[in-house]
Amino acid sequence: MGQVGYVIHLKEIKIRSLSANALLALQEFAQEEQKRQEEFRKLYEETDAEYQKKKKQEGMNLFKEDWQLSQFWYNDETADKLADALLEGADEDTIIAIVSAPSVFAAIQKKDESEIPTKHIYLFEYDTRFELLAGKDHFFFYDYNKPLEFTQRLRHRVDRILIDPPFLNEDCQTKTATTAKFLLAPNDKSKTKSGAFKHRFISCTGERMASVIKNAYPDSHITDFYPEHANGLSNEFRCYSDFEWSGWKFAN
């Protein structure tokens, strides 16, 4: 596994303009992040068995949200439900892509191996720390501003996709839609070996993005499932998909 190049970048601050409390908070933040980097380094030095065990147990606890990157982790219930939606009825040939939703990837990894029917599960993420979570062979650096600049290996081969656009604006939503359409295989209504439809599309984003989502994915519908975040988020979030299952129904 290659080293993860994660460097903390703090904005330039006029120190004299900060209060004593603000300076203390900044110092504590820097110390905490330095400690986390050291933990990441130590993980790479452990044996593979120790590393896999730690990764499975800790999951998203290894990573602190960076609000400048619009990072808000799902709570466990939401991450588990989205993971189940991607895995239900899949088989060993099913290819799954998770775009900008590392907490769902972590939820899948926490499951017992008997509950994960496919090894073809890939994480697309801007924050390169998450190569540690996914592994070199299952991680792709992804910048929504360059929606097609990544491996051609999965072009039109992905059967199921979850995409969580990092920003609630039309530009971001449209560009991530370009990514999804590039990755997804044609929906030919084929089925997995268990009899479930291979194709599944999921997007979790703001309710005010409904018209943009519908325009980008005409077959999708807003569902009755409300994604929730671990640390709270004031924006009203909804789940859009082109299928129903035991976890949700179409709301319209």
Side-chain angles (χ1 to χ4, degrees), residues 59-61 63-88 96-110 121 123-127 129-130 133 142-147 158 160-184 187 199-252:
M60 293 304 290
N61 292 331
F63 306 95
K64 184 177 180 180
E65 295 169 337
D66 184 342
W67 290 1
Q68 294 185 75
L69 296 179
S70 191
Q71 290 180 339
F72 302 93
W73 311 148
Y74 293 125
N75 64 21
D76 290 344
E77 182 179 359
T78 293
D80 287 340
K81 178 168 285 192
L82 292 170
D84 289 341
L86 291 169
L87 296 176
E88 186 197 47
I96 297 172
I98 298 172
V99 183
S100 303
S103 52
V104 177
F105 195 97
I108 290 176
Q109 287 190 324
K110 283 190 173 184
I121 305 174
L123 178 63
F124 291 74
E125 172 59 46
Y126 183 81
D127 188 341
R129 288 182 299 170
F130 290 104
L133 181 72
Y142 173 67
D143 181 352
Y144 80 87
N145 287 302
K146 301 173 182 177
V158 171
R160 298 180 174 188
I161 192 168
L162 164 65
I163 195 160
D164 183 347
F167 297 100
L168 300 182
N169 59 58
E170 186 170 354
D171 178 64
C172 179
Q173 302 283 328
T174 301
K175 286 175 178 175
T176 52
T178 298
T179 300
K181 293 172 182 177
F182 176 88
L183 289 171
L184 280 169
N187 184 10
H199 174 90
R200 286 189 173 185
F201 163 80
I202 309 168
S203 180
C204 292
T205 188
E207 186 171 41
R208 60 190 175 91
M209 293 289 104
S211 61
V212 179
I213 294 292
K214 190 64 178 178
N215 183 59
Y217 312 100
D219 294 332
S220 69
H221 302 267
I222 194 167
T223 73
D224 58 9
F225 171 55
Y226 288 79
E228 296 181 357
H229 296 80
N231 292 327
L233 194 61
S234 59
N235 296 308
E236 190 72 32
F237 252 65
R238 298 302 295 267
C239 175
Y240 305 81
S241 76
D242 59 3
F243 67 96
E244 294 180 300
W245 68 299
S246 60
W248 61 63
K249 302 299 179 185
F250 295 146
N252 55 7

Is there a side-chain contact between [X] and [Y] (heavy atoms, below 4.5 Å)?
X      : Y      : result
Thr176 : Ser100 : no
Pro165 : Ser203 : yes
Phe124 : Ile163 : no
Val104 : Asp164 : no

### Check: Trp248 ring centroid to Phe243 ring centroid under 6.0 Å
yes
### Message
Between Tyr217 and Phe201 (judged by ring centroids, cut-off 6.0 Å), do the two rings come close enough to count as a pair?
### Response
yes
### Message
Is there a side chain to side chain contact (heavy atoms under 4.5 Å, CB included) between Ile213 and Gln173? Walk through the geometry before answering.
### Response
CA-CA 7 Å; Ile213 294 292; Gln173 302 283 328; 3.5 Å; yes
### Query
Taking only residues two or more places apart in sequence or in another chain, which ones pass side chain to side chain donor-acceptor pair (under 3.5 Å) with Asp143?
Asn145
### Query
Can you list the residues that meet the side chain to side chain donor-acceptor pair (under 3.5 Å) rule with Asn75, with sequence neighbours excluded?
Thr78, Glu228
### Task
Applying salt bridge (charged side-chain N to carboxylate O under 4.0 Å, His left out), name anything that partners Glu170, two or more places apart in sequence or on another chain.
none
Heavy-atom closest contact ([X] atom, [Y] atom, distance):
X      : Y      : answer
Ala79  : Tyr74  : N-CB, 4.0 Å
Tyr240 : Gly206 : OH-O, 3.0 Å
Leu87  : Arg160 : C-NH1, 3.8 Å
Ala251 : Arg238 : CB-NH2, 4.0 Å
Glu88  : Ser246 : OE2-OG, 4.1 Å

#### Entry: Straight-line distance of His221 NE2 to Asp242 CG, nearest 0.5 Å
8.0 Å
### Task
Kindly indicate, with the supporting measurements, whether the criterion side chain to side chain contact (heavy atoms under 4.5 Å, CB included) is fulfilled by Ile98 and Ile108.
CA-CA 11 Å; Ile98 298 172; Ile108 290 176; 3.8 Å; yes
#### Entry: Short N-O contact, Glu244 and Lys249, less than 4.0 angstrom
no
### Message
Would Thr179 and Tyr144 count as a side chain to side chain contact (heavy atoms under 4.5 Å, CB included) here? Give the steps.
### Response
CA-CA 8 Å; Thr179 300; Tyr144 80 87; over 6 Å; no
### Query
Is there a donor-acceptor pair closer than 3.5 Å between any side-chain N or O of Thr223 and the backbone N or O of Cys239?
yes
